[in-house]
Student: 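Let me give you the structure first, and then I'll get to my questions.
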Amino acid sequence: MRNYTLLAFLFFSISNFAQIKGTITDEKGNPLPFVSVFEENTYTGTTSNEQGNYQLNVKEIGKNKITFQYLGFKTQKIAVATDLKTVILDVKLLEENFELNEVVIDPKNNPANAIIKGAIAHKKENSEKTARYTADFYSKGMFKVKDLPKKILGQKVDLGEDMSSNLDSTGTGILYLSETISKITFEKPNKLKEKIIASKISGNNKGYSYNTASLSTYDFYENTLEFDVNLISPIANNAFNYYKYKLEGTFYNDNNQQIYKIKVTPKRDKEPVFEGYIYIVDDSFAIYAIDLDIKGYRMKNEFTEIMTLKQSFSYNSKNKIWSKNAQTLSFNAGIFGVKFSGTFNYIYSNYEFPASFEKKTFGNEIVAFEANANKKDDAFWNEIRPIPLTIEESSDYNKKDSLQTIRKSRKYTDSVDAKNNKFKVWDILMGYDYKNTFRKHSFEYKGLLNLTSLSFNTVQGFNFDTGFSFKKWNEDKGKSTSLSTTFNYGFSDQRFRVTGDFSHRFNNINYATISASGGTKVTQFNGAEPISKFVNSISSLFFKDNYMKLYNLEYAQINYSQDVANGINLNAKMAYEQRKPLFNTTDYSFFKKDDIYSSNNPLAPDDFTTSAFSQHHLFKTALSARINFGNKYISRPDGRFNVKDEKYPTVFLVFEKAFAASEKKYEFERVGASVLYDFSLGNKGLLGMNFRAGKFFNAENIAFIDYRHFNGNQTHIGTSERYLNVFNLMPYYSNSTNDSYFEMHLEHNDMGFVMNKIPLLNLLKSTMNLGFHSLAIPDRKPYTEFTVGLDNLGFGKFKVFRLDYVHSYQGGVQQNGVVFGLKILNVLD
């Protein structure tokens, strides 16, 4: 009932709006985009669109004074006196005449520095004036593409019909367009509650826009602003370590307040800094406006060429508060000759600044959508939308929304599916896909030449997979079901192995999921699979190294998991396993033909007749929990979507028990826990932590398979983004244990804080990693590693490499080595 009352009130309010609209141009008649338009001494405002058109909804017309504010132009204040519901008001803005009194520019007495020092000294005071507020919020986001080819690197570019329907013959047009209307409640530094009243995505009437207020809170009163890295504010406490300032001029606004225009220039090019202009109000030293650029390489995003952030603040003489009324974030990016651009517009209006909020104002729900937020019609949007659509945007909505009606029809989807589902003779070899869009199910056959699955190991020789899969889904209810079977054949051991998998998710609220699997497969002794199939294949075929140790597993397993409380997910597993030892069946390699592979026994690499364990079977059950402290979530009619609070760690707990084994000695219990945490050091980087500990009970004679194995690395190739789960010089099974254990991984990425300041090396645009890794188990000396390396290495826009020097120590034995990181290998496995 509350929701209906809110909607009724909202529509009543809209219907009683009066509207002032028109076009804003310069003296030559050129349209001016993103001009701030607001009613004097209120928090009712908007901006003009890219064509200079604006529309301002006001409560009533009669005694209004409308302010037009644009950087580089004189602010105009126009009185509107009429009883009409709609007023057309075109405005021509004049360029601002910046004044700069005769000042002797003394490097030791730079007037801009004094102003910035004043802004830094007063920023806490100015920040606290807007420390808590409620406001109406509007956002519009748009992505565009230019010169999108049909293929890239020989692969067909498929963006989907919704995105590509408005592209012209050159591959140019709007990819994505969306809007939101919401009511926000905010308290610094980061408490937010947002109620989204309306959400609209071009060509998708079931879509919920992600243009939320949480993505727009760029506060220059804070020392850093979070992008891909933490960027230094031009008025941060340590800003003079990063910036040079120049006073370019002054002017007076309509309230006769003097405004300083200050040019902001980085001291060092590769630092995480802005450049452009910041406008400061005299006396109060509040921010009047922001017009700053961010170069992509400065925020470690090589694909982004430049990003521009503009903010406009309005002044209310009644409460003497400067508050942000408009913000624009735009960017240009590119790859493979394709140009991308995007613009996000944000409007804040109808502010209220309470002295405090009630204790239960903020909770774990940060965003909630009204039940029919994505069902609002055009009349609603045309009335309430604060920024008029451009001709291009209107065309995109009209075209995609019209096409959507056609494309969602069964006749259309069946015809498209019929075309794509045609079976060809060579599909027997290459694979075949079938899809029924209307009934929402699909089928896939991987083909007899599934070369992407081809790998090599000494047990099977060359082996590859094929198989079938079936999927069925229902987005509205959050349900999905999948069935698959995989056939694996090893050419050396000449054996087929088959596995099957079933999974069903019941909803998107608590993510209740049941799954079952079974069959026969080869698997590594370490279930975490520390060496990938691709890396092992290269190591074996080119260097005659045999690191992947395998056994044969015949199993049947069932899992059930769900979120049982906010931030807490439980998973229960029951499995039957029969384990059989395997031996090498091939000595093939491309090179080093005379060398001999080590055996498949991880405990005795020179013993080719004895296995690491005897054939046996057992049942295993496990109960595990994942706990995200301070977990936040977004509520939508189609589900609940968790948002991890980065201030808190993630904790994993597990209890595992083996029972009903073929021999009593194989039965055991194990408890374990791990803590993962990323601790932000502001502009000084990110410290990643991973702590693990556990203890076995009644496990003196268990199979080596069930030992706790630790992720070693003997290939000197790193395959992950970060090394928080690996010992990079430790043999894979040298420290496996059936007793207690504790492992610790620490890695600090300076995010360029150090590297940006080192001449010549800063040209690499890299980051420095410092790491410490330690493992403690009973009856053995601790194993430790120290690492130092460079990340974000590469060529041009492709920063996919990493290089680390590693020093390890255990019981007097020291090792030194270099690990070459190839992060792209994550994609290949």
Student: Taking the six-membered ring of Y242 (Phe, Tyr or Trp), confirm whether the NZ or CZ of K267 is under 6.0 Å from its centre and within 45° of its axis.
Tutor: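 K267 over Y242 ring: no.
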
Student: Does a donor on one side chain sit under 3.5 Å from an acceptor on the other, for D269 and Y297?
Tutor: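 On atom types as modelled, these side chains qualify, holding a pair under 3.5 Å.
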
Student: Over 60° means perpendicular and under 30° means parallel, so tell me whether F786 and F772 are parallel, tilted or perpendicular.
Tutor: tilted

Student: Output the distance between atom OH (Y351) and atom CG (D136), rounded to the nearest 0.5 Å.
Tutor: 10.5 Å

Student: Classify the ring geometry between Y176 and F143 as parallel (under 30°), tilted (30 to 60°) or perpendicular (over 60°).
Tutor: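 Tilted: the ring planes of Y176 and F143 meet at 30° to 60°.
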
Student: Just checking, is any N or O donor in the side chain of E179 or Y397 under 3.5 Å from an acceptor N or O on the other one?
Tutor: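 Their side chains do contain a donor-acceptor pair, which is all the 3.5 Å distance test asks for.
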
Student: Rounded to the nearest 0.5 Å, what separates atom CG in D791 from atom OG1 in T767?
Tutor: 4.5 Å

Student: Indicate whether the side chain of N230 and that of N683 have a donor and an acceptor atom separated by less than 3.5 Å.
Tutor: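 No, no side-chain donor-acceptor contact under 3.5 Å.
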
Student: Is there a donor-acceptor contact under 3.5 Å linking the side chains of S314 and N325?
Tutor: yes

Student: Could you check K244, K263, R298 and say which one makes a side chain to side chain donor-acceptor pair (under 3.5 Å) with E275?
Tutor: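 Only one of K244, K263, R298 forms a side chain to side chain donor-acceptor pair (under 3.5 Å) with E275, namely R298.
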
Student: Does a donor on one side chain and an acceptor on the other come within less than 3.5 Å for S216 and Y348?
Tutor: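 Y348 and S216 do have a side-chain donor-acceptor pair below 3.5 Å.
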
Student: So, taking the atom named CG in N53 and the one named OG1 in T47, what distance separates them when rounded to the nearest 0.5 Å?
Tutor: 11.0 Å

Student: So L309 and T328, side chain to side chain contact (heavy atoms under 4.5 Å, CB included) or not? Walk me through it.
Tutor: CA-CA 6 Å; L309 179 59; T328 301; over 6 Å; no

Student: Any donor and acceptor pair, going by atom type alone, linking the side chain of E785 with main-chain N or O of G771 inside 3.5 Å?
Tutor: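 Checking the backbone N and O of G771 against the side chain of E785, no donor-acceptor pair under 3.5 Å is found.
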
Student: Under a plain distance cut-off of 3.5 Å, with no hydrogens placed, do S127 and K188 share a side-chain donor-acceptor pair?
Tutor: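 Indeed, the side chains of K188 and S127 share at least one donor-acceptor pair under 3.5 Å.
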
Student: Would E305 and K339 count as a salt bridge (charged side-chain N to carboxylate O under 4.0 Å, His left out) here? Give the steps.
Tutor: CA-CA 10 Å; E305 296 169 2; K339 300 293 184 181; 3.1 Å; yes

Student: Can a side-chain donor-acceptor contact be found between N374 and S199 if the only test is distance below 3.5 angstrom?
Tutor: no

Student: Check K261 with E96, please: is the shortest side-chain N to carboxylate O separation under 4.0 Å?
Tutor: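 Answer for the salt bridge query: no.
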
Student: Just do the side-chain hydrogen bond (donor to acceptor under 3.5 Å, both in side chains) check on T650 and N628 with the steps written out, would you?
Tutor: CA-CA 5 Å; T650 297; N628 283 325; 2.6 Å; yes

Student: So, N713 versus T715: side-chain donor-acceptor pair below 3.5 Å or not?
Tutor: yes

Student: Take Y208 and I634 through the side chain to side chain contact (heavy atoms under 4.5 Å, CB included) test and state the conclusion after the steps.
Tutor: CA-CA 11 Å; Y208 295 94; I634 296 172; over 6 Å; no

Student: With a 3.5 Å distance limit and no angle check, can you tell me whether Y245 reaches the backbone of P234 through a side-chain donor-acceptor pair?
Tutor: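 Yes: the side chain of Y245 pairs with the backbone of P234.
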
Student: Looking at Q69 and F313, what are the two nearest heavy atoms and their distance?
Tutor: NE2-O, 3.2 Å

Student: For the residue pair S36 and S312, confirm or rule out a side-chain donor-acceptor distance under 3.5 Å.
Tutor: yes

Student: Taking atom types as modelled, find out whether E194 and S182 have a side-chain donor-acceptor pair closer than 3.5 angstrom.
Tutor: yes

Student: Ring of F753, cation from K757 - is the NZ or CZ under 6.0 Å from the centre and inside 45° of the axis?
Tutor: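 Yes, cation above the ring, under 6.0 Å and within 45°.
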
Student: Please check if any side-chain donor atom of S233 sits under 3.5 Å from a side-chain acceptor atom of N223, or the reverse.
Tutor: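 Judged by distance alone, the side chains do not pair up.
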
Student: Does either side chain, that of S139 or that of T180, offer a donor lying less than 3.5 Å from an acceptor on the other one?
Tutor: yes

Student: Before giving the answer on ring pair (Phe, Tyr, Trp, His ring centres under 6.0 Å), spell out for F340 and F303 the whole-Å C-alpha distance, their side-chain angles and the decisive distance to 0.1 Å.
Tutor: CA-CA 10 Å; F340 297 91; F303 297 105; 9.8 Å; no

Student: Does a donor on one side chain sit under 3.5 Å from an acceptor on the other, for K123 and N237?
Tutor: yes

Student: Once you round to the nearest 0.5 Å, how far does CG of D26 lie from CD of E95?
Tutor: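 With rounding to 0.5 Å, CG (D26) is 7.0 Å from CD (E95).
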
Student: Mind checking salt bridge (Lys or Arg N to Asp or Glu O under 4.0 Å) for E187 and listing every partner two or more places apart, or none if nothing turns up?
Tutor: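 With sequence neighbours excluded, E187 shows a salt bridge (Lys or Arg N to Asp or Glu O under 4.0 Å) to R132, given in chain and number order.
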
Student: Give a yes or no on whether the backbone of M299 and the side-chain of K295 come within a donor-acceptor separation of less than 3.5 Å.
Tutor: no

Student: Begin from the C-alpha positions of R802 and D804 and carry the test salt bridge (charged side-chain N to carboxylate O under 4.0 Å, His left out) through to its verdict.
Tutor: CA-CA 7 Å; R802 173 175 172 171; D804 288 82; 2.7 Å; yes

Student: Is there a donor-acceptor pair closer than 3.5 Å between any side-chain N or O of D750 and the backbone N or O of M755?
Tutor: yes

Student: Are D293 and T308 linked by a side-chain donor-acceptor pair shorter than 3.5 Å?
Tutor: yes

Student: Is it the case that the side chain of N49 and the backbone of G52 share a donor-acceptor pair, with hydrogens and angles ignored and the cut-off at 3.5 Å?
Tutor: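 Judged by distance alone, yes, a pair lies under 3.5 Å.
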
Student: Once you round to the nearest 0.5 Å, how far does NZ of K144 lie from NZ of K146?
Tutor: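 So the NZ of K144 and the NZ of K146 are separated by 9.5 Å.
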
Student: Judged by modelled atom types alone, do T25 and N30 share a side-chain donor-acceptor pair under 3.5 Å?
Tutor: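 No, because no side-chain N or O of T25 sits under 3.5 Å from a partner of the opposite role on N30.
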
Student: Set out, in order, the CA-CA distance, both residues' side-chain angles and the distance that settles side chain to side chain contact (heavy atoms under 4.5 Å, CB included) for N690 and V675, then state yes or no.
Tutor: CA-CA 6 Å; N690 184 4; V675 179; over 6 Å; no

Student: Could you give the distance from OH (Y346) to OG1 (T217), rounded to the nearest 0.5 Å?
Tutor: 9.5 Å

Student: Return yes if a side-chain donor-acceptor contact under 3.5 Å exists between N253 and Y288, otherwise no.
Tutor: no

Student: With sequence neighbours left out, what residues match F220 under ring-ring contact (aromatic ring centres under 6.0 Å, His included)?
Tutor: F274

Student: Start with the C-alpha distance between Y279 and Y260, add both sets of side-chain angles, then the distance that settles ring pair (Phe, Tyr, Trp, His ring centres under 6.0 Å), and finish with yes or no.
Tutor: CA-CA 5 Å; Y279 296 76; Y260 299 109; over 10 Å; no

